[in-house]
Every structure is written in C-alpha cells, then in structure tokens.
Amino acid sequence: MIQVKNVTKRYGNFYAVRNINFEVKDGEIVGFLGRNGAGKSTTMNMITGFIEPTEGEIIINGYDIDQKPKKVKSQIGYMPEGTPLYSDLTVKEFINYMAELKLVPRKNRKEAVKNAIEETGLEKVQNNLTKSLSRGYKQRVSMAGAIVGNPKILILDEPTVGLDPKQVIEIRELIKSFRKNHTVLISSHILSEISQICEKVIIIDKGEIVAVDTPENLETKTADNTTLNIIVDDINNKFTSIKDEIPEITDIKLVKENDDNSKEYTIETNTSDDIRKLIFSNCAKNNITILEMKKSESSLESAFIKLVENRKEYSQKEINKMQYEKEIEELREEEKFNKEEKEKKKIAKKEAKARKKVAKEAKAEAKKNKKAEKNNDQKEGGNK
Amino acid sequence: MFAIIKKELKSYLLSPVGYVFIGLFLLIFSIFFYINIYQYQSVNFENLFYNGSTILTFIVPVLTMRMFSEERKTGTEQLLITSPRSITAIVLGKFFAAAIVMAITELFTLMYFAILSYFGKPSIMVAITTLIGFFLLSLAYIAFGMFASSITENQIVASVLTIGVFMAMWFLPYINEIFGLFSLIDKFENFSYGIISISEIITFVSFTLMFILFTIIVLQRRKSIK
C-alpha cells in the first residue's frame, strides 16, 4: 500500500507538487494522469526515494521512506522516465545487476533474472548489449529491471512512451498481468491507455490533485448530456425548422454535408433529458430520414480536459503577487502582535509604577502614623 | 558494495576506459624508463615514479570523470539511488573499483623493476615504499576526481576541474610554506627516498577520506535540492 500524506515539493518559490494526498491499495493498478510538467514524475521520484519531499510523509506498506529507506526501497520496483540503462552491459547482465542492487539473495538471483526475462519476452536479446536494442526492447529491459525479484510495488513512469502500436499493446498486456501479484502506480499522459489498464485514476494538474476516481465514474460525472450528433437525409432542407417545434432545442449547427447528400448536425439542448424520441417523431412528420443519432460521446479524454481546463490559470506574476500579499499580511500580523505586546508591556509598566506609588504612599502613611503614635506616646508620657 | 565494485570493474574493462588508462600510463612510464636509462644512465626504480607522479595529474581524470557525471547524464543515477543500497555503499563501491584498476596498473610497473634487477641491483625496500606512496597518492587523486565528478553532469567539466586542481598543487610550494603543505605531489617525494613518514601517510589518507565524505554529502544533499 502506498500512502502519500500532505506532500509538497518546492524549489525556491516554485511548487512542483503542492500538498497532495492519495492512497494506492494492495493489488490495485492506479493511473497517474496529468499534462507534461504536472508533477507526475516528481511525485513518483519522491515515492521511490530519489528525491525528498519538502514537506509531508510517504508511507509504503507501513514504513516511512524517510526512516526505513532500505526496507521501503527493497519493496519497490521503479521504471524511471526515459528508460535509463547501462549501455555497456548486456540485457542479462543489466537485469542481474538490478537484482544485486535490490538485494535479491544469491541463491534466488539466477531464477529471478530468468523469470524477469521471460515475463518481458527478452529471451532472444538477452545476450545483446543494451545500447544496441530498439526503443521497444529498451523499454522492456527497463521494465524487467523493475520487476526482477518480484517487488510488491511497481512504479512505472510513462512505460509506453515512444513505442509503436503493437509494442504498446504488448506492454499494456504485460502490465495487466501484474494485477495479481503487485500494486502498480503507472503514470501517463495517454488517456486511452489509463482507461484500459487502471481501476482508479488520479488526475494531477500544476502540482495539485484534481480528481481521484474510477475511469467510468469520471466519464459519467463529466459527461455532456446536452449535445446530440445527428446525420439526416434531408432533401427539402427542412431539418433546421424542427427547432421551432421542439422548445428544448436551443441551437442546431450544420457540421458537414456528405457526398451522398446526407447532412451532419449537432443539436444543443437546454435539458439533460433524452429528447431523441421527440426528434425522431418530428423528423418522421417532416419526411426527414434519420441515418444516425447519438449522444455526444463522453470519454476519459473529455473528462480530463474538463477537469483540467476549468481550473484557473495563474500566471507567475499572479502567483508572485499572491505570495507578496501573503507575506505582507504576515508582516502586518507580526507588527500587530508586536504592538500588542508593547502595549501590554506599557500597561504592565504603568501598573507596576502605580503599584509602587501606592506602596510608597502606604509606607509614607505608615511612617506618619508611627510618628503620630510616637508623638502621642510622648505626649501621654508627658501628661503622666 | 561488492555488487557495485563488480559492476564498475566490468564497466572499466568492457569499455575502452580501463585499457586507455592502463595503456597510456604504461606508455608514458616506458618513455620515462627509457629516458632514465639511456639519458641519465640511472638504474633507479624510485626515480621513475618520482617523475611518473606528474602524469597522475592527467591520467586520473580518465578513470574518475565518468563515475557520477555519466550516471547523472544518462539517468541511471535514478536506478542506483532508488535501490536499497546506501549512498555510502555506492560511493565506496565506485571508489574501490577505481582503486583496483589503479592497483592493477601499478602491478604492471613491476616489470620495470624486473628489467632493472636483471641488469643491476635496485633496492627492494625503497621500491616497496615508493609503490606504497604512489598508491596512496593515487587514491587521494581518485577521491578528488570522484568528488569533481559528483558535482557536475558534464564529464569534461569534471576532468578539467580535476586536472586544474592537481596542476595547482605542483605550484603550491612556490607560493609559501603553508600552501606547500597542501601539495600532495610534494609529499610523495619522501616515499621515493625510501622514507615512510606518518605525517605524509596521514595527509594522504585524510585527504582521501575527506573527499569520499564530500562526495557522499554532495549526493545526499542533491536528494533534497534536486
């Protein structure tokens, strides 16, 4: 299980990741989605212990990576972005070295390396130097390096970037096969991939988490029910007139005219109710043949765009201004605090002074009384 | 640590780096050897090393410049740092691998001793102290070269920095006595007279340890600022 709690990574004034929280449960395959530079790799680098978070904690299977780095790191298989490999080693040597680095015991090492090679389909090239391999194979070698020794947690940073479609499908199948034995966190900016592989999606944008949900939920939540796409065979050009007959329709737009004289329209409505039946009956009345009619397709792609684009874009200037205002606010508060303190001190001083005065007066009075008493005594003595 | 030593040695010996290092070293030593014998008519083994210590300046960077720079540039650094190995083990592993290549190279120089003892009678004890001193000097140089490599991802910058500092060391004694104390190459002189002095050994060893430690600190630090 991966737990990321209130994690922030800051470079000077720039927040690469700001106060993110999420959890990946055992056996889950979770997709980490975001545009380029959204903070995906930074987060993954923090989970694997390559960089340290500025604030917050990361707990892997119950251990804090900061306190038990050896224990945590030996449970993680990491495939970094850009598939870095040692170019002067062969595939087998590289995977063996990864097994050694990950403290796979000597007696199990040979078998672990063999398994990793088999799982990633590298048998044919296992004795080739890694620098001589094609991109797809390099990716697989990097993947084999991550899975060797069967770590419980796999962190895969953009595993299918730059592969041809066939290789992408192969790698995807491979990742799906990890479902049984591993917890997988996989980052990507290719949405179709995530929706195919993952049970849960974390969407991150500008260093902040925007949504955590299943791909299906995200699609339905952000689905667009107010747009219909329709293709009609309309010889008399009467289709646009149905707008007047159905009050729910707000706009009809011609998308294109096809070669077979059919026309494609989009219909905007002001309700999320299904008005397809209404349109159908109206078209039938007007002798318009409907060739195709469907709701506007909702996909993870559109969900993603909606989630990300709705966020306000802050320019660096605005961020600086906000920061400046925050600092001023803090300074003001400090000043206020100082002033209050000063005033308190002043009052305390005054009180002390007043107390002193009272005490002095009391003393003086006591003296006076004593003197008076003495005088009285003397007088009484004289009288006697 | 042994896994890293093994891998690094493999990298040295599977790529041209190791051979270029050993080859260049022996080539220049052979030239010195020839000059010693034919020009100066000397059968002095230690003299060879006294002259040879200058070439360490130019040749140690061949061994050290790639140590961390290359890993950083190609990204394999991520594989190392995210592995359960500690940074100390990684640094020591790389250091010892380079030290082993250096030791192998020094073993080759025994052939000069063999040739000399065939024709004359060079002193074995002086030869041994010279070899020890030379090895300690090269360890100190390797430690500094490794440190230079850890602070940049550009191998050329790393090697230029290393050569620059080593060259400056030649001239330190000419500035004044205090600066002269930091000149390692100057300290080596005593070993080639057959003297093993504690102060020199301590200087070499502490210089080596200091830069190993600096390298560890640099890598540790980079985790939080990277």
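Every chain is numbered from 1 and lettered A, B, ... according to where its sequence line falls, protein lines coming before strand lines. Hydrogens, waters and symmetry mates are skipped; everything else that's a heavy atom, side chains included, is used.
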* Heavy atoms only, distances under 4.5 angstrom: which of B/L79, B/T74, B/T76 has the most pairs with chain A? Name it, please. => B/T76
* Asked: Got B/F166 and B/F144 here, is their nearest side-chain heavy-atom distance under 4.5 Å?
  ->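 Counting from C-beta outward, B/F166 and B/F144 do come under 4.5 Å.
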* Asked: Which heavy atom of A/K138 sits nearest a heavy atom of A/L133, and at what distance?
  -> CE-O, 3.7 Å
* Heavy-atom pair of closest approach, residues A/N127 and A/T90 -> O-CG2, 3.6 Å
* Contact winner vs chain B - A/P84, A/G77, A/S87, A/G12, heavy-atom pairs under 4.5 Å ->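 Among the listed options, the one with the most contacts to chain B is A/P84.
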* To do: Give the member of A/D88, A/T48, A/L101 that has the highest number of heavy-atom pairs under 4.5 Å with chain B.
  => A/L101
Please state whether the side chain, the backbone, both or neither of [X] comes within less than 4.5 Å of a heavy atom of chain B.
X: A/L89; result: side chain
X: A/M98; result: side chain
X: A/Y97; result: side chain
X: A/E93; result: side chain

* With a 4.5 angstrom heavy-atom cut-off, which part of B/I4 approaches chain A: side chain, backbone, both or neither? -> both
* To do: Below 4.5 Å from any heavy atom of chain A, which atoms of B/T82 appear? Answer side chain, backbone, both or neither.
  =>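 Looking at B/T82, backbone and side chain both touch chain A.
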